[in-house]
Amino acid sequence: MRFGTTLIPTLKETPVEARVESHRLMLRAGLIRQLGAGIYTWLPLGLRVLRKVEAIVREEMDAAGAQEILMPAVQPAELWQESGRWQKYGPELLRFQDRGGRDFCFGPTHEEVVTDLVRRELRSYRDLPANFYQIQTKFRDEIRPRFGIMRGREFLMKDAYSFDLDEASLDRSYRGMVDAYHRIFGRCGLRFRAVEADTGAIGGAFSHEFHVLAESGEDVIASCDGCGYAANLEKAESVVSSAIAPHGQVGSMRQVDTPGMKTMEEVAAFLGCALTGMVKSLVVEGEGRALQLLLRGDHELNLVKAANALGVGSVQLADPVRAAELSGVPVGSMGPVGARLPLLADRCLEGLSGWVAGANADGRHLLDVVWGRDCSKPPWADLHNVVAGDLCPRCQVSPLRLDRGIEVGHVFKLGDKYTRAMKVTVQDADGREKIPIMGCYGIGVSRIVAAAIEQNHDDNGIVWPLALAPFAVEILLVNPKDEESVGVAETLEKGLRQVGIEVLMDDRDERLGVKFKDADLLGLPFRVVVGGRSLKEGAVEVQRRGQPEKERIAVENGVTHLIARVRATDGVDNFKNLPL
RNA sequence: CGGGGUGUAGCGCAGUCUGGUAGCGCAUCGGCUUUGGGAGCCGAGGGCCGGAGGUUCAAAUCCUCUCACCCCGACCA
């Protein structure tokens with residue numbers, strides 16, 4: 001392909017609105033352009049990358065025995081009403097009507113459609129297990145789209161759905177997808193980690209997320225270098241850390257004035273005690289219940305754990321006004337002693353003695369509170385987010401570390417949630433009707449493009465892994481008007497294309513500096529400079545993007561040299577990722 | 001959804017407070033020079049100032065409404 005006749009609108013200046021490097025570089029390198037909030041056009045170069053990811057996903061899904069289909073993006077409301085999600089899904093679901101006033105949505109996911117397909121077409125246990133997948137545009141009306149393609153509203157996703165007759169078979173399907181995902185992300189040249197994830201409202205089942213490790217990631221994942229345990233922050237547990245007493249000697253409980261102190265930090269500073277010796281109270285509400293949760297002063301509440309502990313779908317933190325209303329005490333002075341609301345305490349507090357807490361009176365706190373003596377023991381549960389350094393819950397030896405990650409894949413055992421609601425049955429070997437159980441498996445195809453750039457760039461631009469690069473080689477013509485140069489470049493291009501190596505030739509009549517800068521920005525793995533001083537000596541100049549060395553190769557050896565270099569670069573071994 | 005901000009040439013911005021009919025840089029087009037890391041000089045083209053309504057002799061500028069986009073927050077008492 002020729003640069004001069006392709007739409008590759010590179011930008012010299014950095015777009016101000018882009019806050020993460022992948023977004024900036026995708027705009028600057030001319031991969032995408034924004035049309036609306038969270039909605040983007042893929043330009044020729046960006047689309048090529050997207051297609052590379054798709055191709056890898058397709059190959060590995062096919063190899064894993066999944067069958068590709070393509071379902072409609074627009075779905076009738078009836079199906080969603082049948083599964084109950086028309087009510088539950090909320091404003092993220094883009095809804096609209098056709099001319100006849102019938103309700104539709106733009107599919108954010110396809111459980112309903114695929115389940116409907118299966119109930120119509122599959123009759124027998126002989127048809128199972130089955131796994132259908134598609135690569136398709138989805139729309140989720142995100143609260144706040146951001147980071148370019150990373151959290152867009154419209155995005156390209158691979159979603160797969162497996163149907164099995166029993167749990168053992170589902171296990172095999174699930175495992176097959178997990179293995180396929182490791183191969184997919186590995187082939188994409190990504191540094192990633194598979195982590196245990198919370199299963200949310202569906203409960204009970206098994207779930208893993210695949211995260212690309214990157215500073216700009218929106219998710220936090222905890223992992224243990226010792227035994228390989230890894231989980232996202234919502235799910236991650238840790239060994240209950242040993243209690244830390246605030247004072248050497250625990251005296252009798254007493255009340256002190258803490259005028260105007262509202263935050264844990266203020267109270268700690270005022271009283272001169274450590275956050276780890278304090279108990280904070282948070283009011284949560286969920287499904288009509290209100291509760292006062294107790295956490296150690298330095299810990300953060302994990303709402304997912306709280307919901308799980310209460311056995312409800314979700315809980316919300318009450319806002320300060322509501323919290324004061326429910327507890328009868330202004331926020332900042334709440335405590336467990338004499339609390340009006342039922343209590344639930346984080347397990348970390350169990351061994352704590354002589355702690356500080358709000359006195360349930362405005363501007364007053366209690367010192368040296370002791371469980372059992374001053375305050376009856378509440379029920380205990382794991383309620384806090386793990387912090388770096390907490391001991392691994394599995395091996396109980398190594399400390400956990402926290403990293404940021406970009407979620408690019410999610411695998412999930414759904415059970416019979418949809419098949420039951422939508423009345424799917426197949427006959428088993430004994431002629432009985434059975435409800436199949438499902439798994440679902442997503443990959444953010446477009447998000448992978450952004451994630452790959454987050455992991456692979458330098459100050460000058462993108463540094464594509466070969467597997468995702470829009471072209472393997474850029475031929476940079478120093479002077480497109482020089483016939484000898486053009487001849488050499490075209491011979492090179494032809495030789496490479498014959499063996500399937502894709503080439504972008506920068507044939508623009510631009511100043512050399514412009515072409516060099518753009519080459520760095522686009523980040524194709526190999527750059528070949530043809531012309532100028534090297535060609536005078538009968539050579540072309542080959543440079544690997546991201547590496548400083550430039551190599552002069554005799555013109556006649558150019559094609560074979562490059563073929564060898566490209567083939568030697570095949571793939572990145574990322575299979576060192578931890579087994580499940 | 002709450003708060004803040006921005007819409008003026010393809011892109012980035014100034015002009016708005018204090019009303020008088022639009023400007024700068026980059027890009028584009030032409031010419032000359034230059035040619036191994038985003039060139040220099042000369043010249044040219046390009047904008048119903050997001051939209052609608054209003055005030056005024058006169059509106060990018062003031063008023064009202066509206067649309068779009070961006071940023072921060074929406075979990076720590």
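Within every chain, numbering begins at 1; the chains are lettered A, B, ... in the order of the sequence lines, protein sequences first and strands thereafter.
Across all strands shown, B:G46 has no partner, as no Watson-Crick or G-U wobble contact with both distances under 3.5 Å is found. Nucleotide B:C24 forms a pair with B:G12, judged by Watson-Crick or G-U wobble geometry with both contacts under 3.5 Å. With a 3.5 Å ceiling on both atom-pair distances, B:U18 lacks any Watson-Crick or G-U wobble partner. Under the Watson-Crick or G-U wobble criterion, with both distances below 3.5 Å, B:A77 has no partner in any strand shown. The partner of B:U6 is B:A68, by the rule that a Watson-Crick or G-U pair needs both atom distances under 3.5 Å. Pairing for B:C41 goes to B:G31, judged as Watson-Crick or G-U wobble with the two contacts each under 3.5 Å. Base pairing annotation: B:A60 forms no Watson-Crick or G-U wobble pair, as no partner gives both donor-acceptor distances under 3.5 Å.
Contacts of A:Arg33 with the nucleic acid, taken as non-hydrogen atoms under 4.0 Å apart, are absent. Using a 4.0 Å heavy-atom criterion, one finds that A:Val514 contacts the bases of the nucleic acid, with or without backbone contacts as well. Using a 4.0 Å heavy-atom distance criterion, A:Arg527 is classed as a base contact. Heavy atoms of A:Glu541 sit under 4.0 angstrom from at least one base atom. If you check every strand for non-hydrogen atoms under 4.0 Å, A:Gly531 touches a base. Within 4.0 Å (heavy atoms only), A:Asn479 reaches no atom of the nucleic acid at all.
The cationic group of A:Arg95 does not satisfy the cation-pi geometry with A:Phe104, failing either the under 6.0 Å distance to the six-membered ring centre or the 45° limit from the ring axis. Geometrically, A:Arg140 does not engage A:Phe155 in a cation-pi contact defined by less than 6.0 Å to the ring centre and at most 45° from the axis. Geometrically, A:Arg296 does not engage A:Trp355 in a cation-pi contact defined by less than 6.0 Å to the ring centre and at most 45° from the axis.
Nucleotides B:C1 and B:U66 have their P atoms positioned 13 Å apart, rounded to a whole Å. B:C48 and B:C11 have their P atoms separated by 13 Å, with the value rounded to a whole Å. Taking the P atoms as reference points, B:A74 lies 42 Å from B:A27, given to the whole Å.
Evaluation of the side-chain hydrogen bond (donor to acceptor under 3.5 Å, both in side chains) test over residues 512-524 of chain A, restricted to residues two or more places apart or in two chains, returns A:Thr10-A:Asp518, A:Arg508-A:Asp518.
With B:C70, B:G37, B:G25 as the candidates, the nucleotide lying closest to the side chain of A:Lys517 is B:G37.
Residues meeting the salt bridge (charged side-chain N to carboxylate O under 4.0 Å, His left out) test with A:Arg33, sequence neighbours left out: none.
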Report summary line: With B for base contact, S for sugar-phosphate-only contact and - for none (protein heavy atoms under 4.0 Å), nucleotides 71-77 of chain B reads SBBBBBB
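For the pair A:Val529 and A:Val540, the minimum side-chain heavy-atom distance is 4.5 Å or more.
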Requested in this report: Go through the steps to decide whether A:Phe3 and A:Leu522 satisfy the test side chain to side chain contact (heavy atoms under 4.5 Å, CB included), and finish with yes or no.
Outcome: CA-CA 11 Å; A:Phe3 203 132; A:Leu522 299 193; 3.7 Å; yes
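Proximity of A:Arg511 to the phosphate of B:A39: a side-chain N or O atom is located under 4.0 Å from OP1 or OP2.
Position along RNA chain B of the nearest nucleotide to A:Ala37 versus A:Asn460 favours A:Asn460 as the more 5'-ward residue.
Look at CD1 on A:Ile39: it is 8 Å from P on B:C69, rounded to the nearest Å. Put simply, CZ on A:Arg545 is 17 Å from P on B:G37, counting in whole angstrom units.
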